[in-house]
Amino acid sequence: MRRILFVDDDPLTLEMLRKMLSDMQKEWDIHFCDNGLDALRLLAESHFDVIVSDMRMPEMDGTELLTHTCEKYPDMVRIVLSAFSDHKAIMRTVRLAHQYVPKPCDAEILKTTIERVFALKSLLKNPKLRRLISRMDAFPGLPATYSRITTLLRDPETSIQAVGKVIAEDIGMTAKILQLVNSAFCGIPRRITVPEEAVVILGLDTIRALVLTIGLFSGFEESGIPLQMVEHIYRHSLKTGSLAKTIAIHEKMSGGQVEEAFMAGLLHDLGKLVMVQNMPKEYGELLDATLDKNIPINDAEMKIFGATHEQVGAYLIGLWGLPDSIVDAVAFHHCPGQCPTIAFDPLGAVHAADAMAHVNPQFGGDVHGNRLSMEYLERLGLTDHIDDWIDLALESAG
Ligand SMILES: [Fe+2]
Ligand SMILES: [Fe+2]
């Protein structure tokens with residue numbers, strides 16, 4: 001049974017949560033605490049999967065409680081219950097919380113958030129990797145992009161559009177900004193998938209605080225991490241994103257799906273960056289070996305790490321609460337036929353774009369990329385579209 005701990009010093013909030021979740025008691029083992037110290041005692045006694053904590057509490061506040069939780073129980077999912085107007089409190093937890101649920105609490109939002117988190121566990125079964133990902137608070141970017149963004153933000157005359165443009169080219173910053181904007185941080189009910197829009201919603205002051213004061217982002221350091229490999233993944237991801245968008249437009253997807261296709265393309269190989277960042281030597285050797293022996297990358301990743309880069313990337317962005325369509329596209333971009341929903345959607349566009357990048361080295365040349373799933377395309381009656389997609393890839397490669 002899944003175990004969840006709610007911590008809030010307000011007895012009325014706890015009572016409301018109890019009533020709200022009474023129908024979930026059969027599936028979830030739910031515990032309530034009115035202070036941080038008792039919460040830590042409970043956590044020391046037995047394992048919990050998720051902690052949902054208030055921010056403002058006497059004695060031990062949410063930041064302190066989540067800091068302890070993150071250090072001692074890194075695999076536990078950390079959700080903050082907070083009023084979206086409480087920006088300062090949220091900024092303090094930007095490195096700690098996986099997701100935010102708005103206060104006053106909506107029963108459906110709370111249940112869906114927790115259910116989605118539980119569903120993710122089946123996506124990534126390796127507990128060691130789950131622990132590792134759960135501790136990740138941000139992603140380093142390319143040193144050049146990082147220095148561009150800091151220069152821009154230090155300039156008092158800078159425009160939000162210019163900042164949005166640079167962020168949209170960076171995988172790590174985009175993922176983090178989308179995490180914040182899709183949470184209770186901004187109190188926006190719809191899902192945001194366009195980084196430029198996310199930057200406008202957050203505002204320059206927040207972005208400045210995240211980058212310059214909190215120092216959430218950094219550049220990949222050359223020491224230990226093969227920068228060339230990182231640059232290759234970035235180049236390939238940007239190309240895949242823009243081609244997925246072109247294919248989505250060509251296939252007459254809706255405006256929202258076109259943007260999702262771009263975003264999912266940009267983030268599709270994020271799992272490789274997680275692995276490069278955390279296990280640079282092992283992952284570098286794996287990439288070399290798959291190249292030398294022409295072994296599919298997923299097979300090698302599964303054998304050595306017990307998980308593929310698709311699973312790792314999808315788990316991270318799912319944990320950060322990015323929209324399901326993007327999580328699915330990342331999770332199934334090598335094997336779209338395994339996705340529970342079979343349709344030519346942003347996942348299909350990313351799958352096709354990624355494969356095009358693979359067949360045409362001119363176009364982002366991802367030697368570790370995937371191949372088109374003919375079975376999936378046959379099921380959707382789309383095999384005669386392949387030539388068009390190759391033409392689009394060639395055109396965009398110039
Ligand atoms: Fe991939
Ligand atoms: Fe790829």
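FYI, side chains are in, hydrogens and waters are out, and symmetry mates aren't considered; it's all heavy atoms of this structure. Both counts, for ligands and for their atoms, begin at 1 and track the order of listing.
For Asp269, the N/O/S atom at the shortest distance from the Fe ion (ligand 2) is named OD2. If you look at His309 and ask which of its N, O or S atoms sits nearest the Fe ion (ligand 1), the answer is NE2.
The Fe ion (ligand 2) is the vertex of the angle joining NE2 of His236 and NE2 of His268, which measures 90° to the nearest 10°.
Distances from the Fe ion (ligand 2) show that His333 has no N/O/S atom below 2.8 Å. In summary, an N, O or S atom of His334 is located under 2.8 Å from the Fe ion (ligand 1). Inclusion of Asp354 in the first shell of the Fe ion (ligand 1) is not supported: no N, O or S atom falls under 2.8 Å.
With salt bridges taken as basic N to acidic carboxylate O contacts below 4.0 Å, one links Glu285 and Lys281.
Atom NZ of Lys272 is separated from atom CG of Leu286 by 10.0 Å, given to the nearest 0.5 angstrom.
Centroid-to-centroid, the aromatic rings of Phe344 and His385 stay 6.0 Å apart or farther. Side-chain rings of His268 and His334 stay apart, their centers remaining 6.0 Å or farther from each other.
Looking at residues two or more places apart in sequence or on another chain, you find a salt bridge (Lys or Arg N to Asp or Glu O under 4.0 Å) between Arg116 and Asp324.
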